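Structure first, commentary second.
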Amino acid sequence: MNVFRLAGDMTHLLSIIVLLLKINATRSCRGISLKTQELYAVVFVCRYLDLFTNFISLYNTVMKIIFLVSTFTIIYWMRFHKVIRVTYDREQDTFRYQFLVLPCLVLALLLNNEFTAMEVLWTFSIYLEAVAILPQLVLLQRTNNIDNLTGNYVFLLGSYRALYILNWVYRFMTEKHYRQYLVWISGIVQTIIYIDFFYYYIKSWRNNEKLSLPA
Amino acid sequence: DDDRVSKDEL
């Protein structure tokens, strides 16, 4: 494992910890999109089916379990916790799942490395992850008062993918058989989606102002 | 076999 990959994984982990702490400490999930969290749950379930079939490393297994458990915890809080669920921006979080899920499913059926259930679901999770942040970005745009932790959460999540691109470049140069075009293209699309957010995040940070996205 | 390689990523 190279340094970019490890930094990417740690950034991803940190983003989830920030989100868990924010919701738990403030007893509020204001500004957080349940749709994005549920799409991530689908992504992790489809991608990590190999937990049952293929052991890669202890690190790999532990990280997968952490991502699954933390995402389902957040969803549980937002849907059922008696204090937290009241703070969910239900009326603002209106992005339709099917606009993202259906095209990704069709694409995964058409474009994959191998036409087997496991492989198609894995590919589907790669495509879906690339766009799963969209409901969250739309919600942020509609929220007038973005709190720091929510901004940091999205920033960390975007940074994770940017670091993975560096990891792929590194692996491409150092590993003979490392060719993953579907993953690379999806990862680049995913990172591009964040560029606008990054711009306003860094601008607000440099000017010491509160983050807000233009509608 | 190439597609197996990146399955070690998260």
Side-chain angles (χ1 to χ4, degrees), chain A residues 1-2 4-6 8-13 16 40 43-44 47-51 53-57 59-68 111-114 116 118-120 122-123 125-126 129 160-161 163-165 167-168 171-172 174-184 186-187, chain B:
Chain A
M1 175 149 44
N2 62 68
F4 304 112
R5 159 77 196 281
L6 184 64
D9 285 349
M10 290 305 116
T11 313
H12 194 184
L13 187 62
I16 295 175
Y40 279 132
V43 166
F44 292 145
R47 188 173 310 164
Y48 299 161
L49 287 172
D50 68 349
L51 275 174
T53 60
N54 187 18
F55 179 79
I56 294 161
S57 65
Y59 170 84
N60 195 280
T61 302
V62 170
M63 290 292 274
K64 283 173 175 172
I65 292 171
I66 291 175
F67 288 156
L68 281 164
L111 276 178
N112 53 59
N113 290 323
E114 196 185 349
T116 60
M118 284 283 279
E119 192 64 27
V120 169
W122 183 83
T123 312
S125 82
I126 297 289
E129 187 189 352
Y160 135 69
R161 268 295 124 158
L163 286 162
Y164 253 67
I165 292 179
N167 157 52
W168 295 329
R171 291 188 75 172
F172 179 77
T174 55
E175 290 174 40
K176 212 171 158 190
H177 295 289
Y178 191 67
R179 298 276 186 285
Q180 266 297 324
Y181 304 109
L182 298 181
V183 175
W184 295 344
S186 308
Chain B
D1 311 323
D2 294 354
D3 62 295
R4 292 276 91 94
V5 180
S6 80
K7 295 278 161 67
D8 64 3
E9 291 180 351
L10 300 161

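Keep in mind that this is a model prediction, so the values were computed, not measured. Basis for what follows: all heavy atoms, side chains included, without hydrogens, waters or symmetry-related copies. Residue numbers begin at 1 in each chain, while the letters A, B, ... track the order of the sequences.
Scanning for side-chain hydrogen bond (donor to acceptor under 3.5 Å, both in side chains) contacts around A:Y40 gives an empty result, with sequence neighbours left out. Taking the ring pair (Phe, Tyr, Trp, His ring centres under 6.0 Å) definition, one finds that A:Y59 meets it with nothing, sequence neighbours left out.
For the set A:E129, A:R47, A:K176, the count of heavy-atom pairs under 4.5 angstrom toward chain B peaks at A:R47.
In this structure, chain B has heavy atoms under 4.5 Å from both the backbone and the side chain of A:N60. For chain B, the nearby part of A:Y48 is the side chain; its heavy atoms alone come within less than 4.5 Å.
Side-chain contact between A:R5 and B:L10 is present, with heavy atoms from C-beta onward closer than 4.5 Å.
Using a cut-off of 4.0 Å between Lys/Arg side-chain N and Asp/Glu carboxylate O, A:E119 and B:K7 are scored as salt-bridged.
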